[in-house]
Amino acid sequence: MKTLVIVESPAKGKKIQGYLGSAYKVKASFGHIRDLPAKKEDIPKKYQGEAWARLGIDVQGGFQPLYIIPADKKAVIAELKKLAGEADEVLLATDGDREGEGIAWHLVRALGLKGNFKRMVFHEITEDAIRKAVQNTRPLDYALVGAQESRRILDRLCGYGVSPALWQSIGSGLSAGRVQSAALAALARRERARMDHVPADYWRVLAQVMPEGEGAEPFTAVVVSIKGQGLAGPKDFGADGQLKSDSPALAITGEQAARTVAFLKAKGVKVAKVETSAYSTKPPAPFTTSTLQQAASRALKMGPKRTMEVAQRLYEGGRITYMRTDSPALSEEATEAARAVAVGLFGAGSIPAAPRTFAAKGNAQEAHEAIRPAGKDFKAPDQTGLAGEELSLYRLIFTRTVASQMTDLQGSKTTLHLKSGGVGLQSSGRVVLDPGFTRLYNDDTDKKDEQQLPNVAEGQALPVQDARAEVKKTPAPGRFTEASLIKALENAGVGRPSTYANIIEVLKNRQYTALVKDQLYVTWLGLVVAAYLQDQFPALVDLAFTVKMERDLDRIAAGELQREAYLTEFWTNGLAQTIRAARHGPPALALNKFAGVVVTARQEQIVMVRDGKAVPLALDLVPDTLTPEGVERIMAGETVRPRASRGAAPSGQSKKRKGTGKPRKKAS
DNA sequence: CAGTGAGCGAGCTTCCGCTTGACTT
């Protein structure tokens, strides 16, 4: 009789089957196989009358969860059950993280396994790692399973607990949750800051300085101080457009700037000091899911959702390793393969003597290695036969992986300090001496400081060929792109590799956010929801909420904290009471730039209110583009939309929101 | 008297995380 090995992904199963041979049968669970009921129709008849049925958790009965097998998993379970019955032993080879342990336990229960099972764990899919894992099985870790269940229960209590407060206060079908609400709050804070931003004018004075010598080229220097006082730049102004009261900087007028220009042209400059220092840049680590999404967004203009679809195809085609991972670590065979490619392309000097190793961040679960070309010999991109987006993404992964094992970039950075009477100027430049890994991979979009500076001596006087003053406006805080939001969430430990792309889709489906070009803006609805949650559930929208949850779950996994005690503290003594005490009614969003104007919700619509008159607002009107004239037109009943609106922006409001956007199931 | 339509009321919505196809837009 055979040994049945159960993994999560069928592509992974196929590979492992090849390593283990015919004495083993490797099958996939396709992820989680049991879950709390999502909708009323999923609740078994015998529980439908229970008061806790909607939550799917019997809170009074010790937070007992009600698990069902979702319809699309019934066939999988039936097959696994049959195979398990024929096998002598079952190896639960789901991922080596908290969710994987949970899936393993659910498999034990759903398949009715009785003692003839063991847990098999590996962190890379190489023949060596798999053979060792089969030899070194362990029992199921029930404390870790308890941590996974606690995570699942907490998320259900947050989501299904708080969402109804939104239905009653703002509109039906709206949603809140530990992850999506933290993400929405981060977006909304930025949007509010942009709406409140008052730009300030500041002057910059630039000089074209001519060095001595034949064929010398002028270089640019910028005025940084006058009479020892630094000139004010964007950082010195507050959101109100005024110079910050504690700023020591000098904000010059246009007149002063013009005088400085004339002064520099007449007097020239003197070299006060030359500073030169060596610098080096290390290659970035191999890709994790989050960094892949960021790089694909920058380099290929590919959104996170698309990136994951293409990566999935590369993975299924055996081109790359698993694409949902939080670890940048390379296996030994991958490290060797990367170094071999670098040597083949650029010679033995292109790699450091010792291989580089990369460690994951503290909160990572490291069930997989980094995203890299598959196998122990990396195929060059043009040898793969791939085309289009698949080729582009593969090339990105290939070059990043190989570059991670190459030498540092070495360069020299020079800063010239110039003086002209009381006027201080600076010019800086960088020179690359050895490009190192950047010969293969370069994602440094920072192009400033790249001018090459001439050799000048301290004390030398140089003529100013030309000088000019320019007035600039302090920029509003930048919006998030999809990739930068994911980066921010990952840094805060919110969300997982399998959900990053999905978080944004949820916020879009709820019409909380939408794209303008490649930037996420928050709709009026999103702002009202965020304001309500901030008022009534500040703990939920705090980015630190998940950090604390993770700490508590770790204690549960370590056996230091009991699941029921934790959930009682969190829910019974905490969130459940907050929900009961929450105000039911929408918040009134005051617009700082428009006195007397308030945005709020009435009868399932977002409205603008002034002097008691309420007018519906179009959701594709980008909040920070609102002008005083726009307010007048809206109040007069005109539909105000951005002129160039097209594509992804949600159009207007519909009284019935479509929920997830999926068609409702027809009654059979 | 049968068919239509306005108006009303009841019931439902919702989470996060792990996986792929099978479905429409």
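Letters A, B, ... are given to chains in the order of the sequence lines, protein chains preceding strands, and every chain is numbered from 1.
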For atom OH of A/Tyr47, decide whether the heavy atoms of other residues, nucleotides or ligands shown that lie under 6.0 angstrom number more than 12. no

Using a heavy-atom cut-off of under 4.0 Å over every strand shown, decide if A/Tyr500 touches base, sugar-phosphate, or nothing. nothing

With heavy atoms under 4.0 Å as the rule, sort A/Gly177 into base, sugar-phosphate or nothing. sugar-phosphate

Within 45° cone and under 6.0 Å: A/Arg190 NZ/CZ vs A/Phe480 ring: yes

Using a cut-off of 6.0 Å, state whether more than 12 heavy atoms not belonging to A/Gln562 lie near its atom CD. no

When you get a sec, tell me which of B/dT20, B/dC18, B/dT14 is the closest nucleotide to the side chain of A/His32? B/dC18

From B/dT14, B/dG17, B/dT19, nucleotide with atom closest to A/Arg54 side chain: B/dT14

Quiz item: cation-pi between A/Arg156 and A/Tyr160, 6.0 Å / 45°: yes

Of all the choices, B/dC16, B/dC15, B/dC18, which nucleotide is nearest to the side chain of A/Asp155 once you look at every atom? B/dC16

How long is the line joining CG of A/Asn509 and C1' of B/dT25, in whole Å? 13 Å

The nucleotide from B/dT14, B/dC12, B/dC18 with an atom nearest the side chain of A/Lys40 is B/dC12

For A/Lys81, does the NZ atom sit with more than 12 other heavy atoms under 6.0 Å from it, leaving out its own atoms? no

Looking across every strand, which nucleic acid part, if any, lies under 4.0 Å from A/Ala28 by heavy atom: base, sugar-phosphate, or nothing? nothing

Of the nucleotides B/dG21, B/dT13, B/dC18, which has the atom closest to the A/Glu99 side chain? B/dC18

Counting only side-chain nitrogens and oxygens, does A/Arg324 get under 4.0 Å of the OP1 or OP2 atom of B/dT20? yes

What is the distance from CG of A/Asp42 to C1' of B/dC15, rounded to the nearest Å? 14 Å

Okay, side chain of A/Ser163, backbone of A/Ala176: is any donor-acceptor separation there less than 3.5 Å? yes

Tell me the interatomic distance from A/Ile503, atom CD1, to B/dC18, atom P, rounded to whole angstroms. 11 Å

Whole-Å gap separating C1' (B/dT19) and OH (A/Tyr322): 6 Å

As a test of reading the structure: which of B/dT20, B/dT14, B/dT19 is closest to the side chain of A/Gln312, going by heavy atoms? B/dT20

Nearest whole Å is fine: how far is B/dT19 P from A/Lys27 NZ? 18 Å

When all nucleic acid strands are considered with a 4.0 Å heavy-atom cut-off, which category describes A/Pro10: base, sugar-phosphate, or nothing? sugar-phosphate

Phosphate OP1/OP2 of B/dT13 contacted by A/Ser172 side-chain N/O (<4.0 Å): no

When you measure from the side chain of A/Lys39, which nucleotide among B/dT13, B/dC16, B/dT20 comes out closest? B/dT13

Could you tell me the separation between the CD1 atom of A/Ile103 and the C1' atom of B/dG17, rounded to a whole number of Å? 8 Å

Grab the CG-C1' distance between A/Asn502 and B/dT14 for me, whole Å please. 14 Å

Quick one: label A/Arg496 by what it contacts on the DNA or RNA (base, sugar-phosphate, nothing), any heavy atom closer than 4.0 Å. sugar-phosphate

Contact class for A/Asp35 vs. all strands (heavy atom < 4.0 Å): base, sugar-phosphate, or nothing? base

Are A/Trp167 and B/dT14 stacked, counting the six-membered base ring, centres under 5.5 Å, planes under 30°? no

Using a 6.0 Å distance limit plus a 45 degree cone around the ring axis, check whether A/Lys12 lies over the aromatic ring of A/Tyr322. yes

Spacing of A/Leu314 atom CG relative to B/dT20 atom P, expressed in whole Å: 14 Å

When you measure from the side-chain N and O atoms of A/Thr94 to the phosphate of B/dC18, is any distance below 4.0 Å, counting only OP1 and OP2? no

Do A/Arg152 and B/dC15 share a donor-acceptor pair, side chain to base, under 3.5 Å? yes

From B/dT19, B/dT14, B/dG17, nucleotide with atom closest to A/Tyr160 side chain: B/dT14

What's the closest nucleotide to the side chain of A/Arg151 if the choices are B/dT20, B/dG17, B/dC18? B/dG17

